Each structure stands twice: as C-alpha cells, then as structure tokens.
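Just so you know, these numbers come straight off a predicted model, no measurement behind them. Numbers here are sequence positions counted from 1.
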Amino acid sequence: MIDFLYKSSLSLFLLLIFYHLVLEKEKMHQFNRFYLLFSLVFSLAIPFMTIEIVTETIAPVQQTHDYVIQDSSNKIILEQSIDYKSIILWILYGLVASILLFRYIGNILKIISNIKSNPVVVYKNAKLVLLEEQVPPHTFLNYIFLNKGDYQNRKINEELYTHELIHVNEKHTLDILLVEALKTVLWFNPIFIFYKKAIQLNHEFLADEKVVTIYNNIPFYQNLLLAYANTNPTFGLTSNLNYSITKKRFIMMTKTVSKTRILLSKIVLLPLFSGLIFFICTESVAQVKTATNSNDKNNQIAENTDSVNFNASVKTAVGFFCIPGTYPLHEVDVKPEFPEGIDKLNNSIAENFIIPKDCLEVKLHIGFVVETDGSLSNFSPINDNCPGSSDEAIRVLKNLPKWKPGTKDGKAVRTSYDLPITILANK
C-alpha cells in the first residue's frame, strides 16, 4: 500500500506540475483535457507496472548463508501476531471514506431532487431546470440549472446558453464525477483537489473559447461573466458558469495560438512519460551464479556462515531493487538485522518452511525491502527452482517478527536486502 501511494503520488505530482508550468498556458484545451484525465489513469496504474532488467553476477560460495533442514516432517508454525496499528488505520480509513461516499451520493441525490421538484423545459439537446433560488447557470450531465425569474423575463443572454450547452455536449460532468470519486476513495491524498481545480478550469477554457469564436465579442462576454461572479455557489459536481472568474480566463480569451510552442509542448511529453516509467517501474533482477569448487561438492551448501558480506557484494554488483527512496545494503551505516541475530532467522525459516510436494531441495534467492518500522515489503524472488517455494518463503518471512531497520546518519531508512535460501527435504 505504501509503495502504491508513493509511486502514484509522485507521478500525479510531477504530471500536474508540468501541466501548470507548460500545458495550461497554451491554447490547446481539448488536448489538455485528455492529458489531465490520462494523467490520473496513468498515475494510478503505474505502481502495477514492472520492467525487469536482468543482470548477472557471480557470488563466491563461501560467502553464502544458506538455511538447511534435514527433516521437514517436524514443523513448528509460528502464531501470527496481530497488528493492531494497521487494523486501527484501516478502520479510520473506512470511516472517513464512508462519510465521503455518503456525501458524494447525497450531492447527486440533491441534484436529482432539484430536477424532479422544479419545472423542466426542453432546450435543443439539453433540459433547462428552472429554480426559484438565485443561482448562476450551471450544468449536470444534460441538465442546465437556471433561475426561473431570469429565464421567464429573458434576462439570460444567448452567450450564456451557449456556454452551458458546451458543457452538456462535451460531457464535462463525467470528468468531475471521476475525480470526485477518486477524492472519495483516496481522500488522504490532497493532490486530487488540485486536479479537480485544473480540470474545471480547463472546462471553462473550452467553453469560453467556443463562445468567443461564435459571437466574437470578448468585452461583452467578459462583462457577462463578471455579472455572475458573486452569486451563490453551486454543487461541486456541476460545471459552473462563474467558476474561477480570474485573470487566467480573461487572458486566455485574447491569447494567440503558437503552433510551434504547442508542438514543442507535446514533444516533451514523450521523455516525461518515458522517464516516469523508467524511474518508477524498472527493477534490477539478479541472476546469481555461484562459483563452486569441483574438488569439494560439500561447499555447495554452506552452513552457519555470515551473510552480511554476501549481501553487500551482490548489491554492489547488481544494484538494489529499483524502488525510489530505498538504500542498497552497502550504503547504510548500520545494516538491518533480524531480532536475536542470524541464527535465530535461520531457525525460524527452517521451522516454519513447508516444502512443496515432490520437491526434494529448495534453492532460491529472494530480495525485499526492510522498511523504517522493521516490516518487510517489495518481495522479489529470484532463481526459484521449485514451483511454489517462492510464495512459501514470502509467507514465512511475512509472519516473522519485525526486523531492526537499517540506519544512515542516525536515522532509520528503507533498505534493500538479498537473502539466499536452501532447504533440503527429508529423504
């Protein structure tokens, strides 16, 4: 979960910054609408993408620390400890998400109630909902909400009808419903608030541009917008005529199009998305070849030797699993350690590992990250010689007590760790 939040938030942030610095300033509003929506989908999907770069290294066998059990019939399964902190956090998340979900659904029901309880007039390909209260024109799906008195007294200009019809025709409400749904589920991430603002402003750019093109009277249209600037706000799920009556919108109406700048802005997107994929999704996967002595086959399984040097040498040779914010083992000041030491880890794995059926010997290499709280994450099995043994190794490691985290400059840091495991079944 932490890995998902980190990767998706990083992508969302960088893509939004690029939008504000580059794309928003250019008069290519349809493209920008696609960019903002694609950025949301891309950023939520990128944590699930993995690009493996396989590298090969040779590790001396005398540096390996293998775990050997000769009799797998006598199993001691450790009782799982209850993580009350995680349970409390999930309960808190569920409560807040439920409240926001009820509000989200409640807002939709209020809009539906307004539609059912007020007169509705068919207008072109939309329906006008005539309200008693004084509100600015706003749109939800194909419904345009207007003040009843202004409509009957013909106080609403054609430019304003056109503005709202553009929201209807281009289905801008769907964009807002999407980002509001994401805000409800991922309520703890404030970046979706800024995405909603960017999407809504982009909708207004689109509507303003078409109104100006049709009527070709920018000063008159700007005065119409200002006339509604201080009216009552509407539901957050609607497209509002007076949303962000700012200098940005007025400047954009008179801005000239530079085809060269637009082209360059689009070209830059290729390295931007490629860089994000490479930085976030790439993992180095080691294929470890063990240097053995042909005169001594017993050296193939080393027992009760220190694995610290092995881990450091492998990390130096092949790099750590490419997870942003994680230190390789050889770069930390104090290496992560299992409670009570390496022998205790040896015994714990041996006692709890259940060898898959018809497998006489398990040999695998597994990488993972020791988090700052001592928990393990980002498991990455390598060279699994027996189907199912990687899953079993991950299960055993997850059920063991938390580690002592690695430290750098006196602070706990996320540290990558490599662990070779060899287990012999009872013959």
Side-chain angles (χ1 to χ4, degrees), residues 1-57 175 178-179 182 186 188-199 201-202 258-287 315-332 367-369 371-372 377-380 382 408 413-416 418:
M1 185 64 175
I2 294 176
D3 186 60
F4 168 80
L5 294 177
Y6 177 83
K7 292 180 178 180
S8 61
S9 298
L10 177 63
S11 178
L12 285 167
F13 176 75
L14 293 177
L15 293 176
L16 185 62
I17 289 296
F18 181 81
Y19 173 77
H20 284 306
L21 293 179
V22 180
L23 300 182
E24 187 184 56
K25 299 176 182 178
E26 301 303 329
K27 212 166 184 177
M28 49 179 188
H29 309 311
Q30 285 289 4
F31 179 85
N32 285 348
R33 181 190 181 190
F34 170 79
Y35 171 87
L36 288 169
L37 295 175
F38 180 77
S39 296
L40 291 173
V41 176
F42 174 84
S43 298
L44 294 176
I46 198 171
F48 303 101
M49 303 177 191
T50 302
I51 300 175
E52 293 185 351
I53 299 179
V54 180
T55 57
E56 200 171 83
T57 186
D175 300 359
L178 170 63
V179 74
L182 293 175
L186 302 172
F188 44 82
N189 192 339
I191 197 167
F192 291 105
I193 297 174
F194 299 99
Y195 265 90
K196 181 184 176 182
K197 290 181 178 180
I199 288 172
L201 184 57
N202 174 257
S258 172
K259 293 184 179 180
T260 302
R261 284 203 308 268
I262 289 176
L263 179 61
L264 290 175
S265 299
K266 292 179 180 180
I267 290 176
V268 175
L269 291 177
L270 182 60
L272 174 63
F273 281 100
S274 300
L276 281 172
I277 292 173
F278 179 81
F279 180 71
I280 295 177
C281 302
T282 303
E283 290 186 0
S284 290
V285 179
Q287 287 188 343
K315 287 302 181 184
T316 302
V318 304
F320 62 97
F321 297 93
C322 292
I323 303 167
T326 305
Y327 285 87
L329 195 64
H330 67 279
E331 289 187 6
V332 297
F368 51 85
V369 170
E371 300 287 349
T372 56
S377 66
N378 297 91
F379 292 94
S380 181
I382 305 168
K408 186 172 180 63
V413 294
R414 302 178 77 224
T415 310
S416 59
D418 283 320

Kindly say whether [Y] contributes a backbone atom to a donor-acceptor pair with the side chain of [X] at under 3.5 angstrom?
X: T415; Y: V413; answer: yes
X: S416; Y: Y327; answer: yes
X: K408; Y: E331; answer: yes

Anything under 3.5 Å between a donor and an acceptor, one on a side chain of residues 260-274, the other on a protein residue two or more places apart or in another chain? List them.
unit_1	atom_1	unit_2	atom_2	d
R261	NE	E26	OE1	3.4
R261	NE	E26	OE2	3.2
S265	OG	R261	O	2.8
S274	OG	L270	O	2.8

Query raised in the report: Around atom CZ of F31, are there more than 12 heavy atoms of other residues, nucleotides or ligands at under 6.0 Å?
Result: yes
Looking at residues at least two apart in the chain, or sitting in another chain, which of them share a side-chain contact (heavy atoms from CB on, under 4.5 Å) with [X]?
X: F13; result: I17, I191
X: T372; result: A412, R414
X: K25; result: K255
X: S43; result: S11, L12, L15

What distance separates [X] [atom1] from [Y] [atom2], expressed to the nearest 0.5 Å?
X: S377; Y: F368; atom1: OG; atom2: CZ; result: 10.0 Å
X: K196; Y: L40; atom1: NZ; atom2: CG; result: 13.0 Å
X: H29; Y: E24; atom1: NE2; atom2: CD; result: 10.0 Å
X: L10; Y: Y6; atom1: CG; atom2: OH; result: 5.5 Å
X: N202; Y: Q30; atom1: CG; atom2: CD; result: 8.0 Å
X: I199; Y: D175; atom1: CD1; atom2: CG; result: 6.0 Å

Report task. Decide side-chain contact (heavy atoms from CB on, under 4.5 Å) for T326 and N378; before the verdict, give the C-alpha distance in whole Å, the side-chain angles of both, and the deciding distance to 0.1 Å. Result -> CA-CA 11 Å; T326 305; N378 297 91; over 6 Å; no
Report task. Name the orientation class of the two ring planes belonging to F38 and F34 (parallel below 30°, tilted from 30 to 60°, perpendicular beyond 60°). Result -> parallel
Report summary line: Hits for side chain to side chain donor-acceptor pair (under 3.5 Å) against S9, two or more places apart or cross-chain, chain-then-number order -> N189
Requested in this report: Apply side chain to side chain donor-acceptor pair (under 3.5 Å) to N32 and list each qualifying residue two or more places apart in sequence or on a separate chain.
Outcome: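 N32 satisfies side chain to side chain donor-acceptor pair (under 3.5 Å) with no other residue.
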Query - Pairs where residues 10-20 contributes a residue and the test salt bridge (charged side-chain N to carboxylate O under 4.0 Å, His left out) is met, not counting sequence neighbours - result: none
Query raised in the report: Which pairs pass salt bridge (charged side-chain N to carboxylate O under 4.0 Å, His left out) with one or both residues in residues 35-51, sequence neighbours excluded?
Result: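 Every pair satisfying salt bridge (charged side-chain N to carboxylate O under 4.0 Å, His left out) with a residue in residues 35-51: there are none.
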**Report entry** 4.5 Å side-chain heavy-atom contact, L186 and F188
**Finding:**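 A side-chain contact under 4.5 Å exists here.
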**Report entry** S8 to F4 - nearest heavy-atom pair and separation
**Finding:**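 For S8 and F4, the tightest heavy-atom pair comes out as OG-O, 2.7 Å.
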Report task. Please name the pair of heavy atoms, one in V179 and one in Y195, separated by the smallest distance, quoted to 0.1 Å. Result ->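 Taking V179 first and Y195 second, the nearest heavy atoms are CG2-CB, 4.3 Å.
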